[in-house]
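Structure, as structure tokens:
By convention here, the first residue in the shown sequence is residue 1. As a basis for the values below, the full set of heavy atoms in this structure was taken, side chains included, without hydrogen atoms, waters or symmetry mates. Both counts, for ligands and for their atoms, begin at 1 and track the order of listing.
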Amino acid sequence: MWLNIDSFEEYKDVYKESVENPEEFWEHEAGTFYWRKRWEETHSGSFKNGDVKWFEGGKLNITENCLDRHLNTIGNKTAFIFEPNHPDSFRRTITYRQLHEDVCRFANVLESKGIEKGDRVAIYMAMTPELMIAALACARIGAVHSIVFAGFSAQSLAERIQDCDAKMLITNDGLRRGEKHVPLKDISDEALEDCPSVKKVIVCQRTNRDIDWVEGRDEWWHLLIRNAPKEHEAVEMDAEDPLFILYTSGSTGKPKGQVHTCGGYMVYTSYTFRNVFQVEEEDVYWCTADAGWITGHSYILYGPLLNGASSIIFEGTPTYPDAGRLWEVCEKYGVTHFYTSPTAIRALMKEDIEYVNKYDLSSLKVLGSVGEPINEEAWHWYHDKIGNGQCPIVDTWWQTETGGIMISPLAGVTPTKPGFATLPLPGIQPALVDKNGKEIDGNGVQGNLVIKYPWPGMTRGIWGNEERYKETYFADYPGYYFTGDGCRRDEDGYYRITGRVDDVLNVSGHRLGTAEIENAIDEHPKVIEAAIVGYPHDVKGEGIFAFMTCDNGVSEPEDFKKEIHDLVSKIISPIAKPDKIQIVDGLPKTRSGKIMRRILRNVAAGETDDMGDTSTLLDPSVVDEIIAGKAY
Ligand code: ATP
Ligand code: MG
């Protein structure tokens with residue numbers, strides 16, 4: 001039987017057990033999958049040496065667990081519902097049986113094009129079922145997929161292809177996102193000028209626009225698939241063989257190519273999906289993330305399929321054709337589980353509430369949040385307006401590196417608290433440490449968030465850079481995995497992520513966390529969201545610059561600044577008062593919801609000539625608007 005925790009008492013018991021006997025705990029979990037050969041060693045290696053392994057010697061293929069295993073029981077159940085960019089375009093549903101066939105066909109195609117176990121394949125595609133099929137087909141033949149978000153520039157795509165020496169690129173002719181058209185094939189052609197490793201390009205038709213064609217290199221998806229056999233014997237993989245490479249969102253530096261493995265990642269994503277969301281047989285689950293981020297990998301692709309869930313693949317954006325789109329889709333398919341980012345919530349809560357009220361959202365049972373801390377205002381809006389006060393919110397803290405959710409309520413099981421990711425999942429042992437790496441015991445404390453014991457879903461490396469892997473995660477606090485995040489544990493032992501620990505300013509010798517100041521400013525009723533950066537200041541060393549979005553704008557900025565000063569002085573200290581404030585229409589956010597602080601730092605410092613690569617921004621035009629704006 002699969003472990004399914006369904007009461008808070010049970011959670012506490014299971015948690016205790018998982019800490020006392022971690023190997024047994026994970027053996028039990030892993031035992032629920034189909035292995036061609038059982039593993040020999042459940043767990044080996046350590047954080048200290050940066051060489052953690054799980055289920056070594058076990059043989060499996062993750063797609064047999066996502067697909068083949070379900071054929072006799074739920075073969076005719078819907079695996080994916082495809083909702084296109086425009087609500088009137090062709091939509092379709094795909095059953096587990098059809099998906100299995102499509103994946104087998106494309107696996108045969110990949111093999112016929114010379115792709116072998118261990119080869120890297122880059123995927124740069126629209127959010128369509130074919131993207132999922134491409135990734136699963138790679139997994140089926142043991143090729144390592146590297147999905148690159150389809151909003152990235154040619155340069156970003158090229159860097160990622162070069163970093164892993166991909167042999168093939170799979171793309172679309174183009175895609176539409178909202179009103180925008182993105183010429184994926186043109187961008188790919190440009191990127192490939194600098195990528196000699198890529199010998200083949202497979203192009204899947206989506207927009208039917210004119211594209212250039214390189215004879216001998218480019219081939220059409222639909223022609224290749226036509227004659228490919230619909231049977232395919234999955235390639236046997238070792239549990240520790242790489243399944244995919246995925247680059248972190250890069251909000252703090254050069255993206256890191258995280259390597260996830262076949263066995264541990266499978267066990268972990270499946271386990272977390274089932275217990276956090278508590279999805280049942282008839283439910284319709286929808287995660288609005290893009291497949292180019294880890295959330296898309298773990299909670300659109302692998303987690304739901306491993307559990308036999310029905311889920312939605314959404315090609316569009318929350319505001320197209322209008323700001324009611326997400327709710328329209330929820331009503332249309334009777335969505336029960338809805339998982340999105342605080343950024344999306346904040347954007348939609350600025351819109352007329354009629355966009356929400358127009359739709360029947362009574363099918364909703366569970367709401368999820370991921371990607372950044374969710375501020376209380378957004379939490380309440382989500383809870384009250386979308387969930388009608390009835391749906392638990394699972395605020396899920398995790399990272400590309402962790403493979404799956406680490407700290408989160410279990411839906412309907414863990415009592416929630418706005419702004420808190422609450423408690424660790426069974427099997428996960430978080431701790432807070434001080435600057436010297438000393439563990440901070442007790443409750444009502446704050447520190448750097450580390451993990452004390454390895455878990456199956458963790459990253460096994462940064463592709464091609466073992467040094468950086470050890471340096472980034474295991475060097476600062478030997479014996480722990482360091483998350484890079486700051487965290488508070490309140491009186492009830494609940495965890496609240498406060499932001500990155502490296503987002504720290506040094507103002508007149510005082511170290512101030514940007515997140516702390518932002519939280520204080522967020523308390524002002526007019527403020528929707530604030531972002532703090534430092535800038536060079538003659539006297540203080542670093543000055544404090546506050547960018548913020550406000551409800552209905554601000555008519556008297558000088559008075560408003562005074563209110564902000566009073567608030568920050570009261571909540572933190574007069575030292576933390578912003579030297580400058582600027583009201584903006586939007587903050588520069590990545591598509592995964594992260595504020596790109598380096599852009600704000602440039603603006604604050606008055607260095608706006610070279611803003612670097614802004615292609616990962618949700619809306620690059622906000623940059624010009626911010627540069628043109630006025631600070632007080
Ligand atoms: P890079 O590591 O390249 O800077 P990134 O950290 O933005 O990129 P991700 O792995 O996508 O890339 O993001 C993980 C980070 O997102 C976490 O370390 C944390 O800071 C933040 N985060 C994710 N979920 C939550 C959450 N529920 N609450 C608070 N913060 C969250
Ligand atoms: Mg990170």
With backbone taken as N, CA, C and O and side chain as the heavy atoms from C-beta onward, which portion of [X] lies under 4.0 Å from ligand 1: side chain, backbone, both, or neither?
| X | result |
| --- | --- |
| Ile497 | side chain |
| Gln399 | both |
| Trp293 | neither |

- Message: Salt bridge check, Arg460 against Glu466: does any charged N sit closer than 4.0 Å to a carboxylate O?
- Response: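 Looking at Arg460 together with Glu466, the answer is no, because their closest N to O distance does not fall below 4.0 Å.
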With distance as the sole criterion, is a donor-acceptor pair present between the side chains of [X] and [Y] under 3.5 Å?
| X | Y | value |
| --- | --- | --- |
| Thr288 | Thr340 | yes |
| Asp485 | Trp397 | yes |
| Thr272 | Tyr299 | yes |

- In this structure, are over 12 heavy atoms from other groups packed under 6.0 Å from Lys417 atom NZ?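 Yes, the 6.0 Å shell around NZ holds more than 12 heavy atoms from other groups.
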- Given Ile595, Asp485, Thr400, which has its nearest heavy atom closest to atom 19 (C) of ligand 1?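 Nearest option to atom 19 (C) of ligand 1, by heavy atoms: Asp485.
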- Item | Identity of the nearest option to atom 24 (N) of ligand 1, non-hydrogen atoms only, from Gly499, Ser408, Gly371, Gly486 |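 Going through Gly499, Ser408, Gly371, Gly486 one by one, Gly371 has the nearest heavy atom to atom 24 (N) of ligand 1.
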- Message: I'd like to check which ligand 1 atoms, numbered from 1 as shown, lie under 4.0 Å from a non-hydrogen atom of Thr396.
- Response: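 Close to Thr396: 24 (N), 25 (C), 26 (C), 27 (N).
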- Where ligand 1 meets Pro373 - atom numbers and elements under 4.0 angstrom, heavy-atom basis: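 By the 4.0 Å cutoff, the relevant atoms are 28 (N), 29 (C), 30 (N).
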- Message: Considering both backbone and side-chain atoms of Thr248, is one of its nitrogen or oxygen atoms within less than 3.5 Å of a nitrogen or oxygen in ligand 1?
- Response: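 There is such a contact, yes.
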- Query: How far apart are the C-alpha atoms of Val259 and Ile462, what are their side-chain angles, what is the distance that settles it, and do they pass the side-chain contact (heavy atoms from CB on, under 4.5 Å) test?
  - Reply: CA-CA 6 Å; Val259 179; Ile462 293 177; over 6 Å; no
